[in-house]
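Worth saying up front: this structure is predicted, and the values here are computed from it rather than measured. Every number for a ligand or one of its atoms is a count from 1 in the order of the listing.
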Amino acid sequence: MEFIKLTRDGHIGTIVLDRPKKLNALSHDLVAEVIAALQELEGGGARVVVLRAQAGARVWSAGHDVGELPEGGRDPLGWDDPLRNLVRTIETCRMPVIAMIEGGVWGGAVETVLACDIVIAAPDATFAVTPARLGVPYNVSGMMTFMSAASLRLVKELAFTAAPISAERAERIGMINHVVAAEDLEAFTFDMAATIANNAPLSIAVMKEQLRVLAGAKPVSPRGFEKVQGLRRIVYDSHDYHEGIRAFKEKRKPAFTGK
Ligand code: YXS
């Protein structure tokens with residue numbers, strides 16, 4: 001595997017994001033490797049997985065690979081987008097996935113982390129929800145992931161400001177489970193993984209799926225869904241979406257016009 005490292009110790013699997021040149025941006029190929037690793041661990045009877053970046057990473061993941069976002073005219077986060085497939089795989093795999101976070105988490109990587117079952121972060125970790133930074137129309141299930149992790153008011157603050165929040169604040173608002181000193185992070189995370197691995201895997205797998213089904217049981221009328229999809233099209237057909245992507249690639253500040 002080119003973009004991740006996969007190891008296994010008894011019932012505990014570990015997936016390390018390893019694309020340092022692009023700050024672990026979630027490219028199609030990196031995501032495919034993470035999904036394959038989760039499926040391999042699930043098929044091999046792993047009972048818990050730790051998803052992490054390289055030790056001491058300054059950036060856990062810079063989010064969706066901007067270079068792979070369409071430059072307008074097409075939904076950038078459609079059903080088969082790599083990020084959508086990654087989130088669904090994490091949510092539906094039998095074993096709990098623990099996100100162990102060091103460094104900054106950006107954009108779609110925040111949703112990826114929040115789709116994990118447990119989040120344990122070092123104090124230097126930060127979380128930035130960035131669609132508004134790039135002019136991206138985030139997708140419906142992604143917004144529900146955020147809404148499951150924080151209050152509506154906090155989701156609005158995160159989404160509208162696109163500003164990073166600290167691990168300490170994320171823990172205080174209940175968005176993540178624990179903040180642990182960097183030097184204790186690995187031991188703490190793998191101790192919890194071992195505790196989970198020693199419990200009944202079938203019971204845990206069923207409770208994970210029960211909680212996914214129940215948490216996702218939010219009524220959205222077909223008319224409501226179609227309205228949201230229509231609004232999203234206005235965004236991804238807009239000048240601002242095109243400008244956000246171009247500005248990132250040209251390493252300059254975007255000039256949004258609201259059109
Ligand atoms: O120029 P080179 O080739 O050295 O590559 C640079 C960056 O272009 C690259 N890189 C990325 N490539 C693709 N997709 C990305 N998301 C991405 N982020 C970074 O990595 C190399 C080093 O980046 P550089 O020079 O900017 O590092 P830095 O230390 O100055 O700054 C670190 C960051 C994370 C603050 C900075 O890289 C950054 O702001 N990255 C973008 C974070 C972000 O907005 N991510 C959201 C992506 S879009 C997404 O996830 C969703 C669609 S949404 O936006 O809706 O949530």
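Remark: Phe160 engages no residue in a ring pair (Phe, Tyr, Trp, His ring centres under 6.0 Å) (not counting sequence neighbours).
Between Lys259 and Asp240 there is no salt bridge, since no side-chain nitrogen of the basic residue lies less than 4.0 Å from a carboxylate oxygen of the acidic one. Ion pairing of Lys253 with Glu243 is absent here, as no side-chain N (NZ or NE/NH1/NH2) approaches a carboxylate O to less than 4.0 Å. Using a cut-off of 4.0 Å between Lys/Arg side-chain N and Asp/Glu carboxylate O, Glu33 and Lys5 are scored as not salt-bridged.
Ranking protein heavy atoms by distance to atom 54 (O) of ligand 1, first place goes to Thr130 OG1, 3.1 Å. Looking at atom 11 (C) of ligand 1, its nearest protein heavy atom turns out to be Phe248 CZ, 3.8 Å. Residue, atom and distance of the protein heavy atom nearest to atom 47 (C) of ligand 1 are His64 O, 3.5 Å. Scanning all protein heavy atoms for the shortest distance to atom 14 (N) of ligand 1 gives Val66 N, 2.9 Å. For atom 43 (C) of ligand 1, the closest heavy atom belonging to the protein is Arg133 NH1, 3.5 Å. Atom 7 (C) of ligand 1 has Lys251 NZ, 4.0 Å as its closest protein atom, hydrogens excluded (heavy atom only). In terms of protein heavy-atom proximity, atom 21 (C) of ligand 1 is nearest to Lys21 O, 3.5 Å. Remark: minimum distance from atom 48 (S) of ligand 1 to any protein heavy atom is reached at Leu134 CD1, 3.4 Å.
Heavy atoms of Ala25 found under 4.0 angstrom from ligand 1 belong exclusively to the side chain. Residue Val136 touches ligand 1 through its side chain alone, judged by heavy-atom distances below 4.0 Å. Here Asp65 has heavy atoms under 4.0 Å from ligand 1 in both its backbone and its side chain.
Listed by number with element, the atoms of ligand 1 under 4.0 Å from a non-hydrogen atom of Gly63 are 50 (O). Short contacts between ligand 1 and Gly108, defined as distances under 4.0 Å to a heavy atom of the residue, involve ligand atoms 49 (C), 50 (O), 51 (C), 56 (O).
Remark: atom 45 (N) of ligand 1 lies closer than 4.0 Å to at least one protein heavy atom. There is no protein heavy atom less than 4.0 angstrom from atom 25 (O) of ligand 1. Atom 36 (C) of ligand 1 is not flagged as protein-proximal [any protein heavy atom, distance under 4.0 Å].
Checking Ala62, Ala128, Gly104 against atom 18 (N) of ligand 1, the nearest heavy atom belongs to Ala62. Residue Lys22 holds the heavy atom nearest to atom 12 (N) of ligand 1 of all those in Arg19, Lys22, Arg58.
Taking 4.5 Å as the limit, every side-chain heavy atom of Ile98 sits out of range of all side-chain heavy atoms of Arg52. The closest side-chain heavy-atom distance from Asp18 to Ile4 is not below 4.5 Å. Contact of the Leu185 side chain with the Met100 side chain is registered, since non-hydrogen atoms from C-beta on lie closer than 4.5 Å.
Inclusion of Leu23 in the set of residues having an N or O under 3.5 Å from an N or O of ligand 1 is not warranted. Ligand 1 has no nitrogen or oxygen under 3.5 angstrom from a nitrogen or oxygen of Trp106.
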side-chain hydrogen bond (donor to acceptor under 3.5 Å, both in side chains) assessment of Asn139 paired with Ser141 | CA-CA 6 Å; Asn139 67 303; Ser141 56; 3.0 Å; yes

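When all heavy atoms of Ala162 and Thr130 are compared, the pair lying nearest together is CB-CA, 4.1 Å.
The ring-ring contact (aromatic ring centres under 6.0 Å, His included) test with Tyr138 singles out one residue from Tyr241, Phe146, Tyr236, and that residue is Phe146.
No hydrogens or angles considered: nothing links the side chains of His11 and Asn198 as a donor-acceptor pair under 3.5 Å.
Judged as a salt bridge (Lys or Arg N to Asp or Glu O under 4.0 Å), the pairs with a partner in residues 226-236 (not counting sequence neighbours) are, in order, Asp75-Arg232, Arg233-Asp237.
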